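Notes to accompany the following structure.
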Number of protein chains: 2
Amino acid sequence: MSDSHGLQVSWLRVFSAVARLGSFTAAARELGYTQSAVSRQVCALEGETGARLFDRLPRGVRLTEQGRSLLGHAEAVLDRLDAARRDLEALREAAVGRLRVGAFATANAALVPAAVSALRARHPGLDVTTREGLSARLAAALAAGDLDVAVLSAVSGEPPGGLDLRPLLDDAMFVALPRTHRFADRPRVRLADLAGEEWIAGRRDPEDTLMAAALHAGFRPRIRFVVAEWIAKQGFVAAGLGVTLVPALAAGVARPDLAVVPLHPDDVPPRAVYAATARGITPSPAAAAFLAALRDSAAVLRR
Amino acid sequence: MSDSHGLQVSWLRVFSAVARLGSFTAAARELGYTQSAVSRQVCALEGETGARLFDRLPRGVRLTEQGRSLLGHAEAVLDRLDAARRDLEALREAAVGRLRVGAFATANAALVPAAVSALRARHPGLDVTTREGLSARLAAALAAGDLDVAVLSAVSGEPPGGLDLRPLLDDAMFVALPRTHRFADRPRVRLADLAGEEWIAGRRDPEDTLMAAALHAGFRPRIRFVVAEWIAKQGFVAAGLGVTLVPALAAGVARPDLAVVPLHPDDVPPRAVYAATARGITPSPAAAAFLAALRDSAAVLRR
DNA sequence: GGCATCCATGTCTGACTCGCATGGCTTGCA
DNA sequence: TGCAAGCCATGCGAGTCAGACATGGATGCC
């Protein structure tokens, strides 16, 4: 029965003002309309609702019973629309909202926490959640709409398509050595110089880990200890049980009894780190703010 | 900052459908629009809100964070508008609503209660309140908007202006006699025949009561007992202490040990009883239903 | 590479709404 | 009683807007 969907919100505004002021003319003055415009809008609303909303009296108008009934609804609707406007405004300023961040493990060592911290300092109302995962899985989550922003790395070439990538930094490779190691004070080492070392790695097979770089350098690393967690690798290295590769993102937070020495860039192709969003998805204001924080955070790390 | 008040409710409907279906085209199909119309409405809503509401993906669209925020408000608004529509519909059928009735005393003996009873039987959801008062006061209350309908009487000429009057019946005058009275079985009496009686009246002075009719009939009634309540007058008459005038509206509910005999119409100018509403006020559906019930009720009493 | 799907947009037409004016109605006052 | 003032309704013209229609660009699938 709701045939003509031409209901205008302005009609409700006019209706409310007329009900409050008891006069078409006064409402017109207040709203900057002509009296005739008010008359027509009320008339249109009456036609739309099929109910006479005002009784026209010689000195103004008065709500009918149906008008009184409509008034409550009209004001509720107008209030709700104002609330929507306010919410959108708050969202636009990233004052509130939800932000789901994903990142690969070492990005969570310093880069992401710093950015999240800066973001929350600026926008305390934001609801930020983070999740750790491999870059491929993060990319899938982005595409599925389960993440807003992901920090991921491209070991070689590009990560899976369907993403909008923003380069953050090139993650150079470091090697972590015991403080007593003979290379500990060098400004830089070549990978080949470490061919004789014993290695701590995340996996037994060097092919699909950071250790693949060693293969390119011409030797097959002797992997004696396999531990996944970076904190554990640090422990083994500090105990003098071997050396391990560590990306720059994690190098800054190594324990003080370790030496972290950069590898020569030619030995390890720098791993690109990106802030990614789903292709075609315009970042929400919160996401945009987080991307900016990530950029700042990365700039600090690059120095 | 809310400059352009051109917000259309149809935009919200379209927006909601698009959000639900994830596609402009599908929403257009469902709503009977063209795809371009949907595109334009969404675009207009985005312009109005100043926020991008959907991300356009290759296979449809997806809500942005701001769109998700707006969606809740939009659906609340649409629900509220539907509720308003339903309320107006219920009001139109007098299923719900408020009705304030005023009536003069004897109208409350039978006429008004019967009408109220019929009204509530038909429309149980109505909130009916009644109030008793003199006709002049009721007329003022109508004009002030404190009453919706009043049942009032015009002793002579018209009641105060500013009212829309609907004649209900002409309230003929009866005389209440003890069952043993010599006129008790007459079909009709002349007022002059009662000149020798002792009278029960509401006031000492006959001028401004029903007893004024006696003056016109050529005698000054001997008022022995002054009681205001009709139930008390009945008691005095039944006890054989006198006779009293009683309007037709109250005559039907006299106690059985009284005789109620009509007076000749020439002796007493029939008192017109009206259902009145404030001038220019269109009766609410509930009021209209009550007016109809009053008419029916009056028709029954006239027989 | 062709095709299907989806959204954006240029264009035109019909409808709508606004302001301006006028008229009817009532009230208050001289 | 005649007049002025205030209120709402309405006829009229100009500007605006929303809709359909058609087309174009972009993407994904076979």
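Letters go in sequence order (proteins before strands), and every chain restarts at 1. Quick caveat, the model's predicted, so the values are computed rather than measured. Only this structure's heavy atoms are used, side chains among them; waters, hydrogens and symmetry mates stay out.
- Not a single donor-acceptor pair, N or O on each side, falls under 3.5 Å between the base of dA18(D) and the side chain of Gln41(B).
- Ring-plane geometry between Phe54(B) and Phe24(B) is classed as perpendicular, the angle between the planes exceeding 60 degrees on a 0 to 90 degree scale with a lower cut at 30.
- Under a cut-off of 6.0 angstrom, the local environment of CZ in Arg59(A) is sparse, with at most 12 non-hydrogen atoms contributed by other residues, nucleotides or ligands.
- Within 4.0 Å (heavy atoms only), Val38(B) reaches no atom of the nucleic acid at all.
- Between dC8(D) and Thr25(A), a contact under 4.0 Å exists linking OP1 or OP2 to a side-chain N or O.
- For the pair Phe24(B) CZ and dA26(D) P, the interatomic distance rounds to 18 Å; values are reported in whole Å.
- A salt bridge links Asp148(A) to Arg100(A): at least one charged side-chain nitrogen sits closer than 4.0 Å to a carboxylate oxygen.
- Extent of DNA chain C lying under 4.0 Å from chain B heavy atoms, first and last nucleotide in 5' to 3' order, is dC6(C) to dT11(C).
- Counting to the nearest Å, the P atom of dC8(D) and the CG atom of Asp55(A) are 13 Å from each other.
- Judged by closest nucleotide on DNA chain C, Arg29(B) is the one of Arg40(B) and Arg29(B) placed further toward the 5' end.
- The residues Arg86(A) and Glu93(A) are annotated as not salt-bridged, no charged nitrogen and carboxylate oxygen being separated by less than 4.0 angstrom.
- Put simply, the side chain of Arg56(B) and the base of dG25(D) share no donor and acceptor less than 3.5 Å apart.
- Side-chain atoms of Ser69(A) do not come within 3.5 Å of backbone N or O of Leu88(B) as any donor-acceptor pair.
- Using a 4.0 Å cut-off between charged side-chain N and carboxylate O, Arg68(B) and Glu65(B) make a salt bridge.
- With rounding to whole Å, Gln8(B) atom CD is found 6 Å from dA18(D) atom P.
- Ser39(A) comes within 4.0 angstrom of a base, heavy atoms only.
- The side chain of Ala37(B) sits closest to dG19(D) out of dC7(D), dC21(D), dG19(D).
- Across its full length, the helix from dG1(C)-dC30(D) to dA30(C)-dT1(D) shows an angle of 20° between the axes of its 5 terminal pairs at either end, rounded to 10 degrees.
- Looking at Asp55(B) and Thr64(B), their side chains never bring a donor and an acceptor atom within 3.5 Å of each other.
- Between the C1' atom of dT27(D) and the CG atom of Leu163(A) lies a distance of 16 Å, rounded to the nearest Å.
- With respect to the salt-bridge test (charged N to carboxylate O, under 4.0 angstrom), the residues Arg85(A) and Glu48(B) qualify.
- OP1 or OP2 of dC8(D) lies within a sub-4.0 Å distance of a side-chain N or O belonging to Ser23(A).
- Looking only at atom types and distance, the side chain of Ser10(A) has a donor-acceptor partner in the side chain of Gln41(A) under 3.5 Å away.
- dC8(D) atom C1' lies 16 Å from atom CG of Leu21(A), rounded to whole Å.
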